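The basis for the numbers below is simple: all heavy atoms, side chains too, and nothing from hydrogens, waters or symmetry mates. All of these numbers come straight from a predicted model, not from anything done at the bench.
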Amino acid sequence: MLDPSYEELEFECDAPQDLICSICLLPASDPQQTRCACARLYCMECVKKYNELSKDCPTCRQPLDVFPDGLSARRIKSLKVKCSNSNSGCPWVNELGDLRAHLVACECAIVPCQNGCGETMLRKKAS
């Protein structure tokens with residue numbers, strides 16, 4: 001899986017509170033910041049789903065108006081995560097922003113056998 005969800009990832013340490021989505025309580029994915037006084041951060045998907053139920057900010061109840069927060073997105077991408085294949089023995093720990101590139105070539109990824117037998121194996125054994 002090249003794009004694991006944040007709930008599937010193992011972060012090296014807790015993310016700073018100002019990078020946490022106030023709805024799902026995970027680091028904000030595609031972070032959106034409110035323009036209201038509370039200036040909270042939300043995941044794009046979380047705020048879209050919430051906005052179907054209410055047009056007010058979930059935190060301060062002012063009218064909900066959000067904008068993409070590029071600075072928070074860069075900070076979140078710099079958080080350290082373990083490889084999604086760490087349970088298969090991958091020792092990789094690096095920035096979230098580098099995870100996708102790593103997963104493309106991760107030697108500990110589970111891949112289908114190249115002989116077409118239907119079995120799966122570690123990528124490093126499939127070569």
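- No path of Ile, Leu, Val, Met, Phe, Trp and Tyr side chains, each step under 4.5 Å between heavy atoms, connects L41 with V66, placing them in separate hydrophobic clusters.
- Taking each heavy atom of L122 and C108 in turn, the nearest pair found is CD2-O, 3.3 Å.
- To the nearest 0.5 angstrom, K80 atom NZ is 5.0 Å from N94 atom CG.
- In plain terms, the two heavy atoms of L99 and S84 that are nearest each other are CD2-OG, 4.2 Å.
- Among residues at least two apart or in separate chains, there is no salt bridge (charged side-chain N to carboxylate O under 4.0 Å, His left out) pair with a member in residues 112-122.
- For residues 23-32, there are no salt bridge (charged side-chain N to carboxylate O under 4.0 Å, His left out) pairs, not counting sequence neighbours.
- The side chain to side chain donor-acceptor pair (under 3.5 Å) search around D69 returns S72, not counting sequence neighbours.
- In terms of modelled atom types and a separation under 3.5 Å, the side chain of R61 and the main chain of P58 share a donor-acceptor contact.
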**Request:** Please step through side chain to side chain contact (heavy atoms under 4.5 Å, CB included) for the pair E95 and L79, ending with a clear verdict.
**Result:** CA-CA 5 Å; E95 292 183 354; L79 295 174; over 6 Å; no
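- Screening residues 82-118 for ring-ring contact (aromatic ring centres under 6.0 Å, His included) gives W92-H102 as the qualifying pairs, with residues at least two apart or on separate chains.
- Separating the OG atom in S88 from the CZ atom in R123 is a distance of 11.0 Å, to the nearest 0.5 Å.
- When all heavy atoms are compared, the tightest approach of C106 to N85 is SG-ND2, 3.4 Å.
- E45 CD to S5 OG: the interatomic distance, rounded to the nearest 0.5 Å, is 12.0 Å.
- Applying the side chain to side chain donor-acceptor pair (under 3.5 Å) criterion to R74, with sequence neighbours excluded, gives no partner residue.
- Here N87 pairs with nothing under the side chain to side chain contact (heavy atoms under 4.5 Å, CB included) rule; sequence neighbours left out.
- Listed by chain and residue number, K55, L64 satisfy the side chain to side chain contact (heavy atoms under 4.5 Å, CB included) test with N51 (two or more places apart in sequence, or in another chain).
- The minimum heavy-atom distance between Y6 and F11, with the atom names listed, is O-CE1, 3.9 Å.
- By the side chain to side chain donor-acceptor pair (under 3.5 Å) test, E10 is found to be paired with K82, residues two or more places apart in sequence or in another chain being considered.
- At a threshold of 4.5 Å between non-hydrogen side-chain atoms, the residues L96 and L9 count as touching.
- Heavy-atom minimum distance, L103 versus C83: CD2-SG, 3.8 Å.
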**Asked** Can you check side chain to side chain contact (heavy atoms under 4.5 Å, CB included) on L26 and C43, steps first, answer last?
**Response** CA-CA 9 Å; L26 294 168; C43 299; 5.8 Å; no
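- Every residue was checked against the side chain to side chain contact (heavy atoms under 4.5 Å, CB included) condition with K77, not counting sequence neighbours, and none meets it.
- Within the 3.5 Å criterion, the main-chain N or O of P63 finds no donor-acceptor partner in the side chain of R35.
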Donor-acceptor pairs under 3.5 Å, side chain of residues 13-23 to any protein atom, not counting sequence neighbours: which ones?
from: D18; atom 1: OD1; to: R75; atom 2: NH2; distance (Å): 3.3
from: D18; atom 1: OD2; to: R75; atom 2: NH1; distance (Å): 2.7
from: D18; atom 1: OD2; to: R75; atom 2: NH2; distance (Å): 3.4
from: S22; atom 1: OG; to: R40; atom 2: NH1; distance (Å): 3.4

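- Not a single salt bridge (charged side-chain N to carboxylate O under 4.0 Å, His left out) links E12 to another residue, sequence neighbours left out.
- Residue pairs satisfying the ring-ring contact (aromatic ring centres under 6.0 Å, His included) criterion with at least one member in residues 35-82, sequence neighbours excluded, are absent.
- In this structure, C36 and Q62 approach most closely via the heavy-atom pair CB-CB, 4.0 Å.
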